[in-house]
Amino acid sequence: MFLDYFALGVIFFVAIFLFYGVIVIHDIPYEIAKKRNHPQQDALHVAGWVSLFTLHAIWPFLWIWATLYREDRGWGFSSVMERELALEGEVKRLSETVTQLELRLQSIEQSGEKPIITAEAQTDVGEHTTSKTEV
């Protein structure tokens with residue numbers, strides 16, 4: 001008699017464990033999307049619930065959808081990141097040039113001389129001339 005109740009308890013435990021296990025598994029793509037700050041988290045969450053009715057047939061596609069997006073590189077299908085890195089390098093180079101020009105101007109102002117712009121300095125700024133000009 002005791003074994004009958006024990007077996008019934010085990011059956012209930014396994015049924016509840018499987019029920020909650022399926023719910024946890026179906027929510028994995030949503031959790032990934034939340035962690036990656038996916039722009040379509042809500043759609044992934046709803047699609048995860050819909051996948052329960054399709055016996056998780058669409059679940060692998062939801063997992064792929066959730067893992068394709070990363071906040072640092074976006075979807076990763078285009079060369080946008082390469083262009084951003086190139087622009088970042090260009091901005092860094094221009095910032096260094098501005099800093100050098102500011103230091104040069106500061107030293108000239110302290111010495112009391114009139115600044116002379118050479119072809120080299122104009123090339124740094126992006127102008128292409130070869131004559132010296134007094135400002």
Side-chain angles (χ1 to χ4, degrees):
M1 182 78 165
F2 173 74
L3 288 177
D4 291 338
Y5 290 118
F6 180 74
L8 186 62
V10 168
I11 289 173
F12 280 135
F13 175 76
V14 169
I16 291 170
F17 183 78
L18 286 176
F19 177 76
Y20 283 112
V22 167
I23 289 175
V24 167
I25 287 172
H26 100 275
D27 231 10
I28 290 174
Y30 172 68
E31 294 299 325
I32 292 170
K34 226 169 48 171
K35 181 180 174 191
R36 292 177 178 225
N37 201 16
H38 198 290
Q40 297 150 346
Q41 307 178 28
D42 296 333
L44 277 160
H45 198 216
V46 170
W49 282 103
V50 170
S51 78
L52 284 174
F53 299 109
T54 63
L55 300 177
H56 290 274
I58 63 171
W59 189 88
F61 300 107
L62 298 178
W63 182 78
I64 291 168
W65 183 13
T67 55
L68 280 178
Y69 182 82
R70 278 196 356 211
E71 194 171 13
D72 60 337
R73 65 171 167 79
W75 293 101
F77 288 123
S78 65
S79 61
V80 172
M81 192 64 177
E82 293 172 9
R83 282 184 278 164
E84 287 178 1
L85 290 175
L87 289 175
E88 186 177 316
E90 183 72 16
V91 167
K92 188 174 183 178
R93 188 184 67 77
L94 289 173
S95 294
E96 290 171 358
T97 302
V98 168
T99 304
Q100 290 172 355
L101 291 173
E102 287 174 344
L103 290 174
R104 191 181 303 169
L105 181 63
Q106 209 173 35
S107 67
I108 289 172
E109 286 176 348
Q110 288 175 354
S111 67
E113 299 176 13
K114 288 186 173 183
I116 297 175
I117 298 176
T118 62
E120 178 184 319
Q122 288 179 346
T123 304
D124 286 345
V125 181
E127 298 174 9
H128 299 288
T129 59
T130 55
S131 64
K132 291 185 177 184
T133 311
E134 189 171 337
V135 179

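Side chains included, hydrogens not; waters and symmetry mates left out as well; all remaining heavy atoms used.
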For a side chain to side chain contact (heavy atoms under 4.5 Å, CB included) check, start with the C-alpha distance between Asp27 and His45, then their side-chain angles and the critical distance, and finish with the verdict. CA-CA 7 Å; Asp27 231 10; His45 198 216; 3.2 Å; yes

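Under the 4.5 Å side-chain criterion, counting only non-hydrogen atoms from C-beta, Phe13 is not in contact with Val10. Side-chain contact between Lys92 and Glu96 is present, with heavy atoms from C-beta onward closer than 4.5 Å. For the pair Val91/Ser95, a side-chain contact is recorded, criterion being any heavy-atom separation below 4.5 Å from C-beta on. When side chains are defined from C-beta on, Val14 counts as touching Leu18, because their heavy atoms get closer than 4.5 Å.
Checking side-chain atoms of Trp65 against main-chain N and O of Ala33 turns up no donor-acceptor pair under 3.5 Å.
Across every non-hydrogen atom of Tyr69 and Asn37, the tightest pair is CE2-O, 3.4 Å. The heavy-atom pair separating His38 from Ala66 by the smallest distance is CD2-O, 3.7 Å.
In this structure, Ile25 CD1 and Tyr20 OH are separated by 15.0 Å, a value rounded to the nearest 0.5 Å. From Leu52, atom CG reaches atom CH2 of Trp49 across 6.0 Å, with rounding to the nearest 0.5 Å. Here the straight-line distance linking atom CD1 of Ile28 with atom CG of Leu44 works out to 13.0 Å at 0.5 Å rounding. In this structure, CH2 in Trp63 is found 6.5 Å from CD1 in Ile32, a value given to the nearest 0.5 Å. Within the model, atoms CD1 of Ile58 and CZ of Phe61 stand 9.0 Å from one another, a figure rounded to the nearest 0.5 Å. Remark: Gln106 CD to Gln110 CD distance equals 5.5 Å, nearest 0.5 Å.
Using a 4.0 Å cut-off between charged nitrogen and carboxylate oxygen, Arg93 and Glu90 count as a salt-bridge pair.
Hydrophobic clustering (ILVMFWY, side-chain heavy atoms < 4.5 Å, transitive): Ile11 and Tyr5 are in distinct clusters.
Residue pairs satisfying the salt bridge (charged side-chain N to carboxylate O under 4.0 Å, His left out) criterion with at least one member in residues 33-48, sequence neighbours excluded, are listed as follows: Glu31-Lys34.
Between His56 and Trp59, the ring planes lie perpendicular to each other; the angle is over 60°, past the 30° to 60° tilted range.
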